[in-house]
Amino acid sequence: MGFKDVKAKVVKCLECGNFSHEARKNIDVKNLLMVGEITEDETIRLIHKTNGTQYETSPLHGDTSIMVHVFKPMENGRTWYIKFYFINPNTVFISVHQGGMYEHR
Amino acid sequence: MNIVKEGDKGQVVCEDCGLVTITYRLRDVPFSDKSGVVKNIIAGVCDKCGEVANIPRQSTPKIRAKFVETRKSAEFRVPAHFIDILSLASSKIDENIGDELSKALVLYYVHNLETGRFASSNLKGLLSSAMADAPSTKRLSLKITGKTENELISVVKKSGLSSNADVIKGIILEIYEDILKPKRPKHLAELRSIAAALG
């Protein structure tokens, strides 16, 4: 599956609410989508801003037959990290977080 | 939207067991930073190990309510170069982490000043140094838990300073003295371990 197909599929899952979040015995506070610090619409906007050079894949720890997709769009000079994998027909988000742990203006 | 019910089955990758089936059950699930527990939410439980491996989208409103309760956004006005000090210190500890360590660095100092491991007596003097003499034109926003806020209040008392903002400014100047000025930063091994955990 190429970058454009991945992008279309994850956006569709977000639009339809067909997604869940990875948990490792707890709620990862770095997953801002899971804790409600960022909305589905904002996540879709960030995904749309991502270009092919800001996209990576790697095998999923735990099952290397599944690929983890990483979108790294830039916004206001800072990088977002959106990590997820597909288990048909849904998306499982691993993390949606921003580089840098503090904000400044 | 896909709504799951208690007893529904699903398939995900469990951290410990790999690709597994899960059963949605009611569980109390803690936050990864141990700041609180979200009680009685529907969570995907691994059928092999019995641990929570997945959180459905529908549980986010309950998670959100608890998450907001456990965090306060504390904002501090600081001179512009203080932001640069934090970013540079973070990069000096681990050049690959960028400014990711900045918040953790401040909180590391808050904690160690509170426990008395680091002396808080220097902070007052640092605030009257030439390095502190600049208008506070930037905003530093830290998401802190109730526990950290209490530590900060304790450091205000110990240091003889008048506000949380002054403690934060003093800490940034201390970071300048400890991390940026010396060729080899203080507490380097410990801070690199923290950077590795964050990375």
Side-chain angles (χ1 to χ4, degrees), chain A residues 12-40 43 59-68 72 74 77-81 83-105, chain B residues 1-4 10-19 29-35 37-38 41 43-44 51-61 63-68 70-71 73 75 78 80 83 86-87 90 97-104 106-107 138-143 198:
Chain A
K12 192 172 180 190
C13 283
L14 281 162
E15 284 173 345
C16 300
N18 289 335
F19 64 91
S20 62
H21 303 283
E22 182 178 87
R24 296 179 177 182
K25 305 179 182 71
N26 55 41
I27 294 161
D28 184 356
V29 296
K30 278 177 84 175
N31 187 339
L32 300 184
L33 183 60
M34 172 158 54
V35 299
E37 286 283 282
I38 182 172
T39 65
E40 285 94 336
T43 308
L60 177 63
H61 175 73
D63 189 323
T64 53
S65 68
I66 296 173
M67 296 308 289
V68 175
K72 298 192 288 185
M74 290 282 291
R78 299 176 69 190
T79 306
W80 280 85
Y81 297 86
K83 298 184 186 179
F84 57 90
Y85 65 89
F86 295 125
I87 288 230
N88 279 327
N90 298 326
T91 300
V92 178
F93 285 94
I94 298 168
S95 181
V96 178
H97 72 276
Q98 203 171 16
M101 300 286 282
Y102 70 99
E103 300 161 12
H104 55 84
R105 281 180 193 159
Chain B
M1 190 205 314
N2 188 25
I3 296 283
V4 295
Q11 192 180 39
V12 299
V13 176
C14 167
E15 182 192 16
D16 295 327
C17 310
L19 188 62
V29 189
F31 287 118
S32 56
D33 62 357
K34 300 180 172 50
S35 60
V37 177
V38 189
I41 53 169
E51 298 287 356
V52 172
N54 185 264
I55 303 287
R57 185 252 173 263
Q58 71 202 52
S59 295
T60 287
I63 293 169
R64 170 78 183 150
K66 187 68 185 178
F67 187 73
V68 169
T70 60
R71 278 160 178 76
S73 185
E75 296 192 350
V78 297
I83 300 292
L86 283 180
S87 296
S90 179
I97 205 164
D99 68 2
E100 276 259 355
L101 193 60
S102 295
K103 182 201 168 188
V106 172
L107 299 184
K138 288 222 174 183
R139 184 179 68 96
L140 175 67
S141 175
L142 297 172
K143 289 245 170 165
L198 283 176

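Proteins get letters first, then strands, A, B, ... in listed order; numbering begins at 1 in each. This one's a predicted model, so the numbers in the text were calculated from it and none came from an experiment.
- For Asn31(A), no part lies under 4.5 angstrom from a heavy atom of chain B.
- For chain B, the option among Cys16(A), Gly62(A), Ala23(A), Gly36(A) with the highest count of heavy-atom pairs below 4.5 Å is Ala23(A).
- Note that the OG1 atom of Thr60(B) and the CG atom of Leu33(A) stand 6.5 Å from one another [nearest 0.5 Å].
- Interface residue Val29(A): backbone and side-chain heavy atoms are both found under 4.5 Å from chain B.
- Options Val37(B), Asn2(B), Asp16(B) differ in how many heavy-atom pairs under 4.5 Å they form with chain A, and the most are formed by Asn2(B).
- Contact annotation for Phe93(A): neither backbone nor side-chain heavy atoms come within less than 4.5 Å of a heavy atom of chain B.
- Counting heavy atoms from C-beta on, the side chains of Lys25(A) and Glu15(B) come closer than 4.5 Å.
- Among residues two or more places apart in sequence or in another chain, the salt bridge (charged side-chain N to carboxylate O under 4.0 Å, His left out) test is passed with Asp63(A) by none.
- By the ring-ring contact (aromatic ring centres under 6.0 Å, His included) test, Phe86(A) pairs with His69(A), Phe84(A), sequence neighbours left out.
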Next item on the list: Any chance you could lay out the side-chain contact (heavy atoms from CB on, under 4.5 Å) test for Ile27(A) and Phe67(B), step after step, and finish with the verdict?
Entry: CA-CA 10 Å; Ile27(A) 294 161; Phe67(B) 187 73; over 6 Å; no
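- Looking at Glu40(A), only its side chain comes within 4.5 Å of chain B, counting heavy atoms on both sides.
- Proximity to chain A (any heavy atom under 4.5 Å) is shown, for Leu107(B), by neither the backbone nor the side chain.
- Contact count against chain B (heavy-atom pairs under 4.5 Å) is highest for Ile87(A) among Asn18(A), Ile87(A), Thr64(A), Asn90(A).
- In this structure a side-chain-to-backbone donor-acceptor pair under 3.5 Å is present from Asn54(B) to His21(A).
- Ranked by heavy-atom pairs shorter than 4.5 Å toward chain A, the options Val52(B), Val12(B), Val4(B), Val106(B) are led by Val52(B).
- Between chain A and the options Gln58(B), Lys34(B), Gln11(B), the largest number of non-hydrogen pairs under 4.5 Å is found for Gln11(B).
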